[in-house]
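Worksheet: one structure, shown below.
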Amino acid sequence: MYSNQLTLAEELLLIVLDDSSGKLFPTAKPFAIDIAIAASLIMELTLNGRIDTDSEKLFVISSKPTGNQILDDVLFEIDAENTNITTSAWLTRIAQKGESLNQLIINGLVNRGILMSVEKRLLWVFKTRAYPPASGIEEREVRARVLHLINSDEIPNPRDSLIVGLLRATSLMNHLFTAASLDKLQIRIDTIVNLEEINRSLSKSVQEAWQKIIDSTPVIRIC
Amino acid sequence: MITGSNYKLSGRVDGTNAEHYEAEISDLLKAADESFSIDLSDLTYISSIGLRIFLKVAKALKNDNKKLVLAKPNQVILDLLLMSGFDKIIEIQH
């Protein structure tokens with residue numbers, strides 16, 4: 001089922017990876033990428049008719065496997081939960097596996113020849129791995145779709161609305177637009193994002209995680 | 001319920017039945033005049049997947065220079081539509 005089509009998680013990771021370094025873009029909110037990856041998996045499951053949401057909860061409507069192991073693991077975990085948990089709570093829970101999920105998704109893209117796996121040396125000593133794109137066609141296609149949608153008055157299809165939500169939540173819009181353009185397009189972006197409940201849950205989860213970090217940061221008083 | 005360029009959604013619409021409603025509505029769109037109206041007066045609940053029907057229908061109609069009108073939602077459904085910003089894209093008559 002997913003042999004050729006990119007999932008939202010894969011599309012997001014292609015944009016999150018810096019082409020020149022092959023590493024994740026440094027961001028002020030690194031946890032936001034983990035939450036967005038979690039959201040992208042749940043979004044994919046809603047697009048495939050496995051999960052549905054409303055403003056209060058997330059629920060399984062079909063536990064039939066999708067054929068994608070990462071999606072099916074998330075579906076299995078949600079299906080096995082007996083209590084009602086809000087969408088944003090699920091995002092926080094799944095995001096705790098962010099690093100391993102990211103790696104699994106990257107491995108899948110490497111296996112399909114979309115990314116390359118390259119060993120690099122840091123300070124000539126430490127080995128590190130980077131994942132530059134093989135051709136970059138897939139990422140350019142996603143970027144073009146997003147740019148076209150935001151710069152038009154088209155009614156978005158759900159998949160495009162969701163990818164815009166993921167990019168906004170991870171502050172990656174800054175990499176697609178100049179600050180001045182972003183200012184002008186903000187209302188349009190917000191309109192597109194707001195159409196999908198999961199996008200709103202995603203924003204809420206990122207906001208809550210950010211607030212927790214602020215609350216746990218010691219305040220230095222200068223007397 | 002189906003009447004010309006109108007359709008009525010009743011009860012609950014979610015991922016378990018959205019596909020059925022979407023198919024029924026899609027069948028009617030070709031014959032629609034310049035606008036197609038969905039009566040929501042008896043709609044009691046709609047999930048995210050249900051809401052996507054409206055966007056898909058509105059998009060299909062817009063491609064044919066037609067428009068979708070969502071009519072008579074109850075207060076709960078209206079609040080949901082407004083919270084989601086659907087009123088910025090789709091005409092809502094209440």
Side-chain angles (χ1 to χ4, degrees), chain A residues 39 42-64 66 75 78-79 84 86-88 90-91 148-150 152-162 164-165 168 186-204, chain B residues 9 11-23 25-26 29 32 35-36 38 40 43-70 73-92:
Chain A
I42 288 178
M43 290 168 178
E44 196 74 45
L45 288 167
T46 74
L47 290 173
N48 284 285
R50 302 303 195 276
I51 280 176
D52 200 356
T53 65
D54 59 29
S55 56
E56 293 172 3
K57 60 188 182 300
L58 178 156
F59 45 98
V60 174
I61 49 177
S62 167
S63 56
K64 186 181 165 194
T66 64
L75 178 60
I78 295 172
D79 194 37
N84 265 345
T86 62
T87 305
S88 55
W90 268 116
L91 296 184
H148 172 75
L149 174 63
I150 292 174
S152 71
D153 66 345
E154 270 184 25
I155 296 175
N157 66 44
R159 178 171 287 274
D160 290 345
S161 176
L162 293 168
V164 173
R168 189 185 69 168
Q186 201 57 59
I187 292 174
R188 170 72 176 158
I189 292 170
D190 291 345
T191 300
I192 293 169
V193 169
N194 204 36
L195 293 171
E196 286 287 338
E197 191 281 325
I198 305 180
N199 281 338
R200 296 196 295 275
S201 293
L202 171 58
S203 299
K204 186 176 169 218
Chain B
L9 275 176
R12 294 174 62 88
V13 177
D14 60 23
T16 62
N17 55 15
E19 207 172 329
H20 161 76
Y21 290 124
E22 187 182 335
I25 294 170
S26 295
L29 297 186
S35 74
F36 183 85
I38 302 180
L40 305 181
L43 182 68
T44 54
Y45 171 88
I46 189 160
S47 70
S48 299
I49 290 181
L51 286 170
R52 285 181 191 154
I53 297 174
F54 299 150
L55 291 177
K56 290 179 192 170
V57 170
K59 190 175 174 71
L61 285 167
K62 190 174 179 185
N63 289 342
D64 287 341
N65 293 317
K66 299 172 185 175
K67 69 171 183 177
L68 173 66
V69 176
L70 299 176
N74 68 31
Q75 193 59 49
V76 175
I77 302 293
L78 176 63
D79 289 346
L80 180 61
L81 293 170
L82 296 179
M83 183 176 73
S84 308
F86 274 48
D87 56 318
K88 295 183 176 76
I89 288 179
I90 299 169
E91 183 178 333
I92 300 173

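Please read these numbers as outputs of a predicted model, since none were measured by experiment. Just so we're on the same page: letters track the sequence lines, and every chain starts at 1.
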(request) Have a look at B:I49 and tell me which of A:D52, A:L47, A:T53 forms a side chain to side chain contact (heavy atoms under 4.5 Å, CB included) with it. (result) A:D52

(message) Check this for me: B:K66, atom NZ, are more than 12 non-hydrogen atoms of other residues, nucleotides or ligands nearer than 6.0 Å?
(response) yes

(message) Take a 6.0 Å sphere around NZ of A:K57 and say whether it holds more than 12 heavy atoms from other residues, nucleotides or ligands.
(response) yes

(request) Check whether any side-chain heavy atom of A:N157 sits under 4.5 Å from a side-chain heavy atom of B:R52, and report yes or no. (result) no

(request) Please indicate whether A:Q186 has more than 12 foreign heavy atoms, meaning atoms of other residues, nucleotides or ligands, lying under 6.0 Å from its CD. (result) yes

(request) With the side chain counted from C-beta on, respond yes when B:K56 and A:P158 share a heavy-atom pair under 4.5 Å apart, and no when they do not. (result) yes

(message) Looking only at heavy atoms and a cut-off of under 4.5 Å, which of A:I198, A:V193, A:T191 has the most pairs with chain B?
(response) A:T191

(message) Which residue is it: B:L68, B:L55, B:L61? I am looking for the one with a side chain to side chain contact (heavy atoms under 4.5 Å, CB included) to A:I155.
(response) B:L55

(message) Between B:K59 and chain A, with a heavy-atom cut-off of 4.5 Å, which part of the residue counts as in contact: side chain, backbone, both or neither?
(response) both

(message) Pair A:I61, B:D14 - check side chain to side chain contact (heavy atoms under 4.5 Å, CB included), show working.
(response) CA-CA 9 Å; A:I61 49 177; B:D14 60 23; 5.6 Å; no

(message) With no hydrogens and no angle check, just 3.5 Å: does a side-chain donor-acceptor pair link B:S47 and A:D54?
(response) no

(message) Working to the nearest 0.5 angstrom, can you tell me the gap between B:S48 OG and A:I51 CD1?
(response) 11.5 Å

(message) Under 4.0 Å between a side-chain nitrogen and a carboxylate oxygen: does that hold for B:K62 and A:D153?
(response) yes

